[in-house]
> 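Dropping a structure here in structure tokens format, bear with me for questions.
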Amino acid sequence: MCGIIGYIGNKATKNILLEGLKNLEYRGYDSSGVAILGDNIQIVKEVGKIENLKNSIAKQELQGNLGIGHTRWATHGMPTENNSHPHFSNDKKFAIVHNGIIENYLELKEKLQKLGYKFISDTDTEVIVHLYHYYYNGDMIDTLAKVIKDLEGSYAVCVLSEEHKDKFVVAKKDSPLIIGLGEDENFVASDMPAILKYTKNYYLLEDGEMALINKDKVTIYDDNKKIISKEVLYFDFDTDLAEKNGYEHFMLKEIFEQPSCIKKCVSKYIADNDVNFESFSKIEEIIKNTKNIHIVACGSAYHAGMIGKYAIENLARVRVNIDIASEFRYKNPILEKDDVCIIISQSGETADSLSALRLAKENGVKVISIVNVFGSSIARESDFVFYTLAGPEIAVATTKGYSTQVFLLYLFALKLAFIRGAISKDQFNAYISNIKQVENDINESLKLNDKIKDIANKYCHLENAFIVGRGIDYYLSLESSLKLKEISYIHSEAYASGELKHGSIALIDKDSLVIGIITDESLSAKTISNLKEVKARGAKVLVFAKEGIEGLEDVVDDAIFVPSKEEFFMGITGIIPMQLFSYYVAKERGCDIDMPKNLAKSVTVE
Ligand code: M6R
């Protein structure tokens, strides 16, 4: 979590840092700060959003051609000014920002305290700046190399030194860091959107590497301090994707981008009525014979994985185990030769998912990943990667990231089913032409926007919700419930609708809202009968159903019908109404939709 930025060049450093931090704010927003090197290093920090830092900086003279900045998601220590980054060395000659966790910081802290270093924060990070001071020998890279040898854990770190007004240094391990290349200026950042306004050319720093950043030169070193050359990459995204473009929130914009994201996936992955996964031929043999597939992911990506499991098992008849990544790595999973592991991650940086990937590989299992962010750690470390092509997703609550994951999982299931002979060529062709209709179905669902807004306004005052469904609708309920709770702070729980009566129905009363998701016609009568049970106990019942589902009149207070032609692919389309509902409930409740409290977009800590 946390976002970091660095700049060297002739432009107004403080503006570039502030803009960059604003674009990185999705990574954490407990506090922020900048350090700018003029005659000496000046640090300004503020608790809370970047807006507070901006107001504070506006009152100060901050001149200098290089600087570093940080937006924090608190791990060690409360969100206070002292715990905010950048951190100073005791003599104020060095300043650093850090993203990651230093696992051996207590041990290092004790050692440094014995040497006389004074700590002013509760953070793990502060040890880095004192170590840097301790090892400093006039050579910024050599000093950094000594520091990182002592660190255990993860870091993307930038260091400024008062003595060197023409450079700063960075290092990375298990936390992302890119180096943006400009003309007579260079940048570093946790993520490209922070600097997209200035450059699309960048280096991707790998674990163990360090870099010395001058305004007209970037020198990259390996962990033995040997200079290495690197390919310059190009960030091939429209800058508009990182802007709100007239929408009030990124989340709403991203909800409405879903048809075009699906369209991109269709044109990239479907050709000549076939699933055209580049490099799929390389895995075809493995996939063809695999007995078990393991899907591992966190949060919404895990929910996408549940739909993937459903699609793979139903179409290809291959057994799929699914695990939450933070559980998978500690449960001593049974991984057998010829098994395949699918890791799903929008950011490609989620710490638990990355560790699961490494565990699978250590056990000789081939890893396929479904990732949105190009060149992210999970993408790089996988044997095969399929990109979801959703473009930068800024809102913390995922929408287009999720639906494109589900789309690719369906495609994977179809291809697998076909190559294993579980479906005929005719069936395969029919599915492929149907899945191409999903873009239209999403567009139709989005037309329900105003209706859903009205319904959201009606129910937004309730404090508890159950979201229920069966089969695929249960998986949609899980994702719907997460959407609702993370942005509106309404307590909500998802249940397989038949399970409510096994305990939780005790909580139902006249103040409860029960939302039924009914897209699977074959199970609709069962879910409706479960909804009758809660209705009889006074609950308000709201249903999101596929058009054509009957028998709801006596049970619902309100119903929204989703116009879909493709029942099997409702795992993609079926979430749209609940994304909109959650959004409007949160808006009506005055919540900070794009940056919900306590959360961060990229969860790079365990
Ligand atoms: O980047 P990832 O897909 O690996 O992130 C996994 C979860 O943290 C993420 O899906 C999270 O649950 C979403 N913010 C929910 O909207």
Side-chain angles (χ1 to χ4, degrees), residues 1 3 25-29 73 174-176 190-191 193 249-252 254-255 258 295-308 322-329 341-357 367 369-382 385-388 390-409 475-476 478-489 492 494 575-576 578-583 586 591-606:
M1 343 272 269
E25 202 171 18
Y26 71 90
R27 302 180 69 89
Y29 30 85
W73 188 81
D174 289 339
S175 290
S190 301
D191 199 354
H249 296 97
F250 278 111
M251 182 176 176
L252 192 61
E254 288 161 5
I255 290 174
Q258 289 175 106
I295 295 184
V296 189
C298 301
S300 296
Y302 172 76
H303 300 151
M306 293 187 90
I307 295 178
I322 176 156
D323 279 294
I324 291 171
S326 54
E327 291 295 314
F328 179 79
R329 51 194 290 206
C341 180
I342 301 179
I343 303 281
I344 310 166
S345 175
Q346 187 284 130
S347 64
E349 299 294 344
T350 302
D352 286 315
S353 306
L354 184 57
S355 301
L357 177 156
V367 174
S369 64
I370 295 180
V371 170
N372 191 38
V373 177
F374 280 85
S376 54
S377 305
I378 291 175
R380 278 177 293 131
E381 292 191 29
S382 302
V385 53
F386 300 128
Y387 285 108
T388 50
E393 192 180 57
I394 310 291
V396 165
T398 182
T399 51
K400 60 178 183 169
Y402 166 85
S403 52
T404 49
Q405 287 164 353
V406 178
F407 183 84
L408 287 199
L409 285 159
Y475 311 139
L476 286 169
L478 287 166
E479 174 57 9
S480 302
S481 169
L482 181 59
K483 283 288 88 73
L484 186 63
K485 76 181 102 181
E486 72 180 325
I487 59 168
S488 74
Y489 316 140
S492 87
I575 198 61
I576 311 291
M578 273 306 293
Q579 291 174 342
L580 288 169
F581 180 78
S582 306
Y583 172 81
C591 301
D592 194 342
I593 294 177
D594 285 336
M595 285 181 273
K597 66 178 184 211
N598 304 337
L599 296 180
K601 180 78 179 161
S602 181
V603 184
T604 53
V605 294
E606 203 184 310

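If you read the sequence from its start, that first residue is 1, and numbering goes on from there. Just follow the structure's listing: the first ligand is 1, and inside any ligand the first atom is 1.
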> Any atoms of ligand 1 less than 4.0 Å from a non-hydrogen atom of Ala397? List them with their elements.
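Going through ligand 1 atom by atom, the ones under 4.0 Å from Ala397 are 16 (O).
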> Which option, Cys298, Ala297, Ser353, owns the non-hydrogen atom nearest atom 6 (C) of ligand 1?
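That would be Cys298.
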> Just distances here: any N/O of Ser347 and N/O of ligand 1 closer than 3.5 Å?
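The answer is yes, given that Ser347 and ligand 1 share an N or O pair closer than 3.5 Å.
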> Please give me the minimum heavy-atom distance between Ser582 and Lys483, naming the atom from each residue.
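Scanning both residues completely, I find the closest heavy atoms to be OG-CB, 3.5 Å.
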> Among all protein heavy atoms in this structure, tell me which lies nearest to atom 8 (O) of ligand 1, with the distance rounded to 0.1 Å.
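Looking at atom 8 (O) of ligand 1, the protein heavy atom closest to it is Val603 CG2, 4.0 Å.
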> Do you know the tightest heavy-atom contact between Ala397 and Glu486?
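So the minimum-distance heavy-atom pair works out to CB-OE2, 3.5 Å.
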> Indicate whether any N or O donor in one side chain lies under 3.5 Å from an N or O acceptor in the other, for Glu479 and Ser300.
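Their side chains do contain a donor-acceptor pair, which is all the 3.5 Å distance test asks for.
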> Can you name the nearest heavy-atom pair linking Ile307 to Tyr475, along with the distance?
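Here Ile307 and Tyr475 meet closest at CG1-CB, 3.8 Å.
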> With sequence neighbours left out, what residues match Tyr302 under ring pair (Phe, Tyr, Trp, His ring centres under 6.0 Å)?
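If we apply the ring pair (Phe, Tyr, Trp, His ring centres under 6.0 Å) test to Tyr302, skipping adjacent residues, there are no hits.
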> For Ser345, take its heavy atoms, then give the atoms of ligand 1 lying under 4.0 Å from any of them.
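Reading through ligand 1 atom by atom, the close ones are 1 (O), 2 (P), 3 (O), 4 (O).
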> Name the orientation class of the two ring planes belonging to His249 and Tyr583 (parallel below 30°, tilted from 30 to 60°, perpendicular beyond 60°).
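Perpendicular, since the angle between the ring planes exceeds 60°.
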> Which option, Glu349, Glu486, Gln579, owns the non-hydrogen atom nearest atom 16 (O) of ligand 1?
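The residue whose heavy atom sits nearest atom 16 (O) of ligand 1 is Glu486.
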> Mind checking whether Gly348 has an N or O less than 3.5 Å away from an N or O of ligand 1?
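No.
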> Ala301 heavy atoms, cut-off 4.0 Å: which ligand 1 atoms fall inside?
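So the atoms of ligand 1 that pass are 3 (O), 10 (O).
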> To the nearest 0.5 Å, tell me how far His303 NE2 sits from Gln405 CD.
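So the NE2 of His303 and the CD of Gln405 are separated by 11.5 Å.
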> Going by the closest heavy atom to atom 13 (C) of ligand 1, which one wins out of Pro596, Ser582, Gly401, Ser300?
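Minimum heavy-atom distance to atom 13 (C) of ligand 1 goes to Ser300.
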> Which distance, rounded to the nearest 0.5 Å, do you find between the CD1 of Ile295 and the CD1 of Ile342?
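One gets 4.5 Å once the value is rounded to the nearest 0.5 Å.
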> Which protein heavy atom lies closest to atom 14 (N) of ligand 1, and at what distance to 0.1 Å?
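Nearest protein contact, heavy atoms only, for atom 14 (N) of ligand 1 is Val396 O, 2.8 Å.
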> For ligand 1, which atoms have a heavy atom of Lys483 less than 4.0 angstrom away?
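Ligand 1 atoms under the 4.0 Å threshold to Lys483: 15 (C), 16 (O).
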> Any idea which atoms of ligand 1 are less than 4.0 Å away from a heavy-atom of Leu482?
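Matching atoms, with element in brackets: 12 (O), 15 (C).
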> Can a side-chain donor-acceptor contact be found between Thr399 and Gln579 if the only test is distance below 3.5 angstrom?
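No, because no side-chain N or O of Gln579 sits under 3.5 Å from a partner of the opposite role on Thr399.
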> Tell me, which protein residue and heavy-atom name are nearest atom 5 (O) of ligand 1, and how many Å apart are they?
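Scanning the protein heavy atoms, the shortest distance from atom 5 (O) of ligand 1 goes to Thr350 OG1, 3.5 Å.
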> Which residue and non-hydrogen atom of the protein lie closest to atom 3 (O) of ligand 1, and at what distance in Å?
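Checked against all protein heavy atoms, atom 3 (O) of ligand 1 sits closest to Gln346 N, 2.6 Å.
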